[in-house]
Amino acid sequence: MQKNPFIQLILIQIREFYREPAVLFWSLLFPVLMAWGLGIAFNKKPEVTKTIAIVINEKESLEDFEKFISKTNFEKKQDSLTNTYYYSMNYGNENMGITHFRLKPVSWNQAELMVKRGNASMIITTNDKKLEYNFDKYSSDGQLVYLQLSSLFDGKNITSQQSVIKPMSEKGTRYIDFLIPGLIAMNVMMSTMWGISYTLIEARTKKLLRRMVATPMKRWEYILSHIVARIVLCFIEATIIFLFAYYYFDITIAGSISAFVVLFISGIIAFSGLSVLIASRTSKTQVGNGLINLVVMPMMMLSGIYFSYHNFPDFVVPFIQALPLTMLADGVKAIFNESAGFLQVWKYILILNTFGLITFVIGLKFYKWY
Amino acid sequence: MENSILEVKDVFKNFKEVKAVDGVSFFVKKGEYVALLGPNGAGKTTTVEMIEGIQIPTHGKISIMGMNWKNNENKLHHLISLSLQETRFIDKLRVWETVQLFASFYGLSKSRVDEVIEIVALTEKRKSYVENLSGGQRQKLALAIALLNNAPLLLLDEPTTGLDPSARREIWNILMNLKKNNNTSLILTTHYMEEAEYLCDRIIIMDKGKILAQGTLDELLSANNSKEIIEFTTNDDVHEQFLDGEDVYKLIWDKNTNSRKLIVKSIVEQLPVFLQKVNESGIRLTRLECRKLTLDDLFISMTGKHLGD
C-alpha cells in the first residue's frame with residue numbers, strides 16, 4: 001500500500017485538504033453557514049409588515065380620508081419616535097399568514113422616496129374620493145397588496161368566502177427543501193472545479209508537474225488520482241451539509257439513496273472532465289482563476305440553486321436544463337423531494353458521465369505536461 | 001566516444017526567432033562530473049532539459065547509453081535523475097512524505113526514503129512541512145529526490161543558486177561524498193566558477209547558446225600558453241599601445257572593477273618590463289597584483305563579461 005504510487009498521489013490531496021485551515025473553512029463550514037443563513041432568511045416569517053404611502057390630494061383634506069378609513073377596521077396609531085401617525089390593521093389569519101398593513105400619510109416627494117428605498121410597497125393617492133393605486137405592474141408584491149387592499153376597501157373579505165386554506169408544511173414543499181439539494185449539487189461543482197483545476201494548474205506553475213513527469217510516474221494515474229481524491233472529499237463535504245440540514249431543518253432523502261450516490265459521483269465525473277479541460281493548457285494561476293469563474297458563475301446563477309430557473313423566459317429554459325449543474329441539481333432535488341429513483345434520474349447520470357468522459361479525453365489529449 | 005554515458009552531437013534548439021542552443025557537442029564519461037558553466041541565458045538549462053527529455057532538439061542527436069528519448073522513454077526515466085532549476089514542492093507535505101511520493105514512482109521501499117534523507121542530512125527535518133524549510137533545505141530535499149533511484153546519470157540545474165556560502169558548501173560536500181562512493185556521472189549547470197572548479201572533472205564554458213571552450217581546469221587555463229596575470233589599477237588614461245612590441249598575450253579592461261589585466265606567459269619575465277614601461281609613460285599605479293589565471297579571467301577574455309552577469 002505504502003509503495004503504491006496511485007495511493008500516494010491520492011494521499012497528498014487529502015493531506016493538503018485537512019492540513020489547510022482556510023480550505024477546511026471554505027469547503028466545510030462556509031456551505032453550512034450559507035445553508036443556515038438562506039434557510040433562516042426565507043423560511044421563518046410568520047408575520048409580514050407592509051407599509052403603504054398615502055398622498056392626499058391638494059383639493060381634499062385629511063379629514064375626508066379619515067372619514068373614509070373609519071368605515072374599515074384600520075386603527076389610527078401614533079409613532080412616538082417620529083411623532084407622526086399611521087393607520088394600522090392585521091389582515092389574514094393563522095392559516096393564510098398574517099399581513100400587518102400600515103398606511104402612512106405623507107407628501108408625494110416623501111412617498112416616492114419611500115418606494116425608491118424599499119420602505120413602501122406602493123403609493124395610494126386620493127382623487128375626488130376615489131383611490132388611485134400607484135405601483136410597478138411587474139411586481140408581484142404590488143399586485144398582491146393591490147388585490148388585498150382594494151377588496152378590503154370595497155368591503156369584501158376574500159379570506160372566508162366558500163374556501164378553506166390548508167397550510168402546507170409537508171417535507172419537500174418548503175424553500176429550504178428546494179435550497180439544500182441545490183446547495184449540495186453546487187458544492188460538487190465548486191469543490192471539483194476549484195479543487196482539481198486549481199491544483200493541476202498550480203502544479204504546472206510550480207514546476208512540480210515537470211519534476212513528476214521526469215520520473216516513471218504514469219500520467220493517467222496522476223490525473224485520475226485527483227478525481228478519486230475529489231470523490232472522497234466531496235462525500236465528506238456533502239455529508240456535513242446534509243447532517244446539518246437533517247438536524248436543523250429536518251431535511252431527509254425521500255427517494256433512492258443508491259441513485260443519489262451514483263448521481264453524485266456522476267456529477268463529480270462531469271465537473272472533473274471540465275476541470276481537466278480547463279487546466280490542460282493554462283500555466284498561470286491567475287488565468288486559471290478567470291477560466292474557472294467563467295464556467296462556474298453562470299451556472300450558479302442559472303441552474304436553479306437559489307430560485308427556480310422557470311423565472312427565466314421560456315425559450316432559455318431548455319438551454320439552462322442542458323447545463324451540467326442544472327442536471328445534477330434537478331436530479332438531487334427529485335431524489336430528495338419527489339422520492340425519485342434510478343428510473344427518474346438515469347438520463348442525468350448518463351449525460352453527466354458522457355460529458356465528463358468527453359471533456360476528460362479532450363483535456364488529456366491537449367494536456368501540457370512541461 | 002568509448003566509455004561515454006552521454007553524447008550530445010551538433011544539437012540546436014530554436015524558440016521561434018531565438019537560438020537558445022546553437023550547435024552544441026560534448027560527451028560525459030562514466031563516473032565523470034562535468035560542469036556547464038555560463039552566465040544567465042547561455043543555453044545551459046535548455047541543453048540540460050533536452051538531455052532530460054523535457055525539450056526536443058530542433059536538430060542534432062542526444063544519446064544516453066546508446067538510447068534516445070523517442071524510443072526508450074520508460075527506460076531512460078530510470079537511468080536519469082535530476083533536480084530542476086526551480087521546483088516548489090507541496091507546502092503542506094512533510095519532508096518524508098514528499099520523498100516517499102517520489103519513491104513510490106520508482107517502486108522503492110521506505111528504507112531507501114530514510115537513506116536519501118540521511119545522505120542529504122535532513123533527518124532532523126524529516127517531519128517538517130516543506131513550507132517551513134529554508135532555501136538550502138529545499139535544495140537538499142530536491143537533491144534527496146534526485147538521488148532516490150541511484151541513476152547512473154544525474155543532472156542538477158543550478159543546485160546552489162541563491163544559497164548562502166555555508167549552505168552551498170553543504171551541497172558540495174554531499175556531491176563529493178557521492179563521487180567517492182559510486183559511479184554516478186553528473187552534469188551540473190552553474191554560474192559559480194568555484195563550484196565548477198571544486199566539484200567537476202571537466203568544465204564546458206557556454207555563452208549565447210555556443211560552447212566557447214571545454215576541458216579540465218588545467219587544460220582550459222593553459223590554452224594559448226597564457227597562465228599568469230598582472231592586474232593593475234590607475235586613474236590615468238592607458239593606451240593599449242603602451243606595451244606594444246612586448247610579449248603580452250592580451251590586455252583586458254574590466255569595466256566593472258575599473259582594473260586592467262595583462263595575460264602573460266611568465267610574471268617573472270614580464271613584470272620588470274611592465275614596470276619599466278609604466279615608469280617611462282609616467283603612469284601612476286594605485287594597485288598592482290600578480291596572480292595565476294582563473295576561470296573568471298578566461299571567461300572575461302572570451303566574452304567580455306563576468307560569469308555572474
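In what follows, chains carry the letters A, B, and so on, assigned in the order in which the sequence lines appear, proteins first and then strands, with residues in each chain numbered from 1.
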Chain B contacts, top residue of A:Lys207, A:Arg19, A:Met217 (heavy-atom pairs, under 4.5 Å): A:Arg19
For B:Thr98, which atoms come within 4.5 Å of any heavy atom of chain A: side chain, backbone, both, or neither? neither
Side chain, backbone, both or neither: which part of B:Leu76 has a non-hydrogen atom closer than 4.5 Å to chain A? neither
Heavy-atom neighbours of B:Ile56 CD1 exceed 12 at 6.0 Å: no
Quick check: A:Tyr222 with A:Trp220 (ring centres under 6.0 Å apart)? no
What residue among A:Ile227, A:Val296, A:Leu328 forms side chain to side chain contact (heavy atoms under 4.5 Å, CB included) with A:Phe271? A:Leu328
Count the heavy atoms belonging to other residues, nucleotides or ligands that lie under 6.0 Å from CZ of A:Phe25, then report whether that count exceeds 12. yes
Count the heavy-atom pairs under 4.5 Å between each of A:Arg210, A:Glu20, A:Glu221 and chain B, then report the option with the highest count. A:Arg210
With A:Lys206 as the cation and B:Phe89 as the aromatic partner, state whether NZ or CZ is under 6.0 Å from the six-membered ring centre and within 45° of the axis. no
Output the option from B:Ile80, B:Leu84, B:Ile54 having the highest count of non-hydrogen pairs under 4.5 Å with chain A. B:Ile54
Between B:Ser185 (side chain only) and B:Gly31 (backbone N and O only), is there a donor and an acceptor less than 3.5 Å apart? yes
Bottom line for B:Glu49: the part with an atom under 4.5 Å from chain A's heavy atoms is side chain
Quick one: of B:Glu97, B:Glu52, B:Gln55, B:His78, who has the most non-hydrogen atom pairs under 4.5 Å with chain A? B:Glu97
Those residues that, when tested against B:Glu86, pass salt bridge (charged side-chain N to carboxylate O under 4.0 Å, His left out) (two or more places apart): B:Arg88
Option that, when pairs with chain A are counted at under 4.5 Å, heavy atom only, ranks first among B:Leu82, B:Asn74, B:Asn149: B:Leu82
Structural part of A:Leu209 lying under 4.5 Å from a heavy atom of chain B: neither
